[in-house]
Each structure stands twice: as C-alpha cells, then as structure tokens.
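One is the number of the first residue; the rest follow in order along the sequence. Both ligands and their constituent atoms are indexed starting at 1 by order of listing.
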Amino acid sequence: MREGNRVLALLFEHLEQFIQPGVTTAELDKEAEIFIHSYNALPAFKGYRGYPATLCTSVNEEVIHGIPGPHPLKEGDIVSVDVGTLFDGFYSDSARTFAVGTVSQKAQRLMDVTKSALYEGINHAVAGNRLHDISAAIQHVVETAGFSVVREFVGHGIGRALHEDPQIPNFGRKGTGPILQEGMTIAIEPMVNEGTWKVHIRNDGWTAVTADGSLSAHFEHSIAITGNGPVILSAL
Ligand code: MF3
Ligand code: CO
C-alpha cells in the first residue's frame, strides 16, 4: 500500500504544473493515466462500477465524481482531483483541491479549512480511539469555520478492495463507533461545502454538486493506524 500510495503523492506533484487556466480536465486525466502506468500501477477508478476515467475532477460547485472532459479550467476555479491506484493487489486513494491561477479569498479559505479538517481527523486515527472521534474532529474544524460537511459520501476502509468497512463519516459523536485497531488502513476524506451540506447528482449519473451552487473542496489521504500513531501513506 505504501508503494501504490507513493505513486499518488508523486502524481499530485506532477499534475500541479499542468493545473493552469486553459488546461482541460481530459488532458489532466490522460497525463495521470500515463503517469500511473509508468509506475506499473493501474488506475483504480477506471471501470469501477462503470466509471470512465482515471481521475475524478470536480470543479467549483462540483463536490466529487466529476468526469474529466473537454471543458477548460479558468482562472479562479478550484478543482478537486481524486485518484486511486491498484498496485500489487492493494488499493490506494487520495484527493486534493487545487487553485487554478489566483482564486478568491473565500475559495482559498475553503480549501485551507478542508485540508486542516483532514489533518485533524488523521490526528485522531489512533489505536484505542473510537472511529467517530475522527468524524467529530473533522466536523468540528469545518463547522467552527462556518462551512458544512457533506453527509451522503464518507471515507472508508481500504486495502485489497477500494472500499472496505468501516465507513468513515465526516460528522458524528466523539466516543462512539468501533474501537480503532493497530493495522487498520483507512481513507479519510472530508468533502466540505461553503453553504448547505446537501448535494444532488447531475444527469450524467456521477457528478455530485452542491444543492445551492456554492463551492466545495475535498482532501483525502489513505493512512495506516500503527503502534506509532497514524502514518499517512499517500504523502511522500
Ligand atoms: N474517490 C472515491 C473515493 O474516494 C471513489 C471514486 S469511485 C469512482 O472513495 F467510481 F468514481 F471512481
Ligand atoms: Co476514497
């Protein structure tokens, strides 16, 4: 899992230079697919339940599962890039929201808060804690900042399958849920909206968008719970 996740961290570094006004999300997808194959890994999402691409690219009010296409990114957009690999029988999964050129202060704050919420969640992913300690920590960061956490989509266990038990909601009550165990590998992934937490799905059957059209951001890491605390697998 370390190796497959490392490819994702390298991929994000690689993609960053292409995320500029004018690039299309389809071009980013192509670049990502070639990159992943060059590490002898496979894109985990392509073909998953019929999903057609390597990346999910979700722009502005798109929350997750945006399908790459011919639409060029423009200055001031934010784009959430979510990607997974299959390497040597194990899955990896990670997401980041990028600024396209210069973005508004509120867009920047939304991204900053979502990333902090992810790291605060990770800090609570400690053996002996309860699962919803992670959830509550994320929710607290987000709601204190005046934003909302998406309810319909959640984090998950990950390993020999992309999505394993347990589900990891980004909201919940501290001190509840299963006890976290050493050796668990999980994907923590807050999706944070500027306005309402409600989302709906576009007619393409995939793209989740905020119900009120407000911006949304998404950060995700695959982590391992170890005797030395949480280890982020999808970082260098
Ligand atoms: N990235 C999603 C997750 O974090 C899974 C994407 S599934 C796909 O769990 F079908 F859209 F690829
Ligand atoms: Co995930």
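Distance from atom 1 (N) of ligand 1 to its nearest protein heavy atom, with residue and atom name: Asp82 OD2, 2.5 Å. Scanning the protein for heavy atoms near atom 6 (C) of ligand 1, the closest one is His65 NE2, 3.7 Å. Summary of contacts: the protein heavy atom closest to atom 9 (O) of ligand 1 is His163 NE2, 2.6 Å. For atom 7 (S) of ligand 1, the closest heavy atom belonging to the protein is Tyr48 CD2, 3.7 Å. Among protein heavy atoms, the minimum distance from atom 12 (F) of ligand 1 is reached at Phe45 CB, 2.9 Å.
Side-chain atoms of His132 and Thr176 form a donor-acceptor pair, as typed in the model, at a separation below 3.5 Å. There is no side-chain donor-acceptor pair under 3.5 Å between Asn5 and His221. A donor atom on one side chain and an acceptor atom on the other are not found under 3.5 Å apart for Thr210 and Ser216.
In this structure, His65 has its ring center under 6.0 Å from that of Phe153.
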For a salt bridge (charged side-chain N to carboxylate O under 4.0 Å, His left out) check, start with the C-alpha distance between Asp112 and Arg109, then their side-chain angles and the critical distance, and finish with the verdict.
CA-CA 5 Å; Asp112 294 345; Arg109 199 169 77 85; over 6 Å; no

For Lys115 and Glu120, what are the C-alpha separation, side-chain angles and deciding distance, and is it a salt bridge (charged side-chain N to carboxylate O under 4.0 Å, His left out)?
CA-CA 9 Å; Lys115 191 174 182 178; Glu120 193 54 26; over 6 Å; no

What's the verdict on side-chain contact (heavy atoms from CB on, under 4.5 Å) for Phe98 and Val81, showing C-alpha distance, side-chain angles and the deciding distance?
CA-CA 8 Å; Phe98 294 88; Val81 177; 3.9 Å; yes

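Close approach of ligand 1 to Glu220 is summarised as follows: ligand atoms under 4.0 Å from at least one heavy atom of the residue are 4 (O). Close approach of ligand 1 to Asp93 is summarised as follows: ligand atoms under 4.0 Å from at least one heavy atom of the residue are 1 (N), 3 (C), 4 (O), 9 (O).
Contact annotation: the side chain of Arg130 never approaches that of Lys174 to less than 4.5 Å [non-hydrogen atoms, C-beta and beyond].
In this structure, the separation between CE on Met111 and OG on Ser80 is 9.0 Å, given to the nearest 0.5 Å.
Assignment of Cys56 to the shell around ligand 1 is supported, since a heavy atom sits closer than 4.0 Å. In this structure, Trp206 counts as a contact residue of ligand 1, since one of its heavy atoms falls inside 4.0 Å of the ligand.
Screening residues 41-51 for side-chain hydrogen bond (donor to acceptor under 3.5 Å, both in side chains) gives Glu33-Lys46, Tyr48-His163 as the qualifying pairs, with residues at least two apart or on separate chains.
Residue-to-ligand polar distances place His156 within reach of ligand 1: an N/O pair is separated by less than 3.5 Å.
With respect to Ile78, the side-chain contact (heavy atoms from CB on, under 4.5 Å) criterion is satisfied by exactly one of Val100, Asn60, Leu73: Asn60.
Counting only protein N, O or S atoms, the number found under 2.8 Å from the Co ion (ligand 2) is 4.
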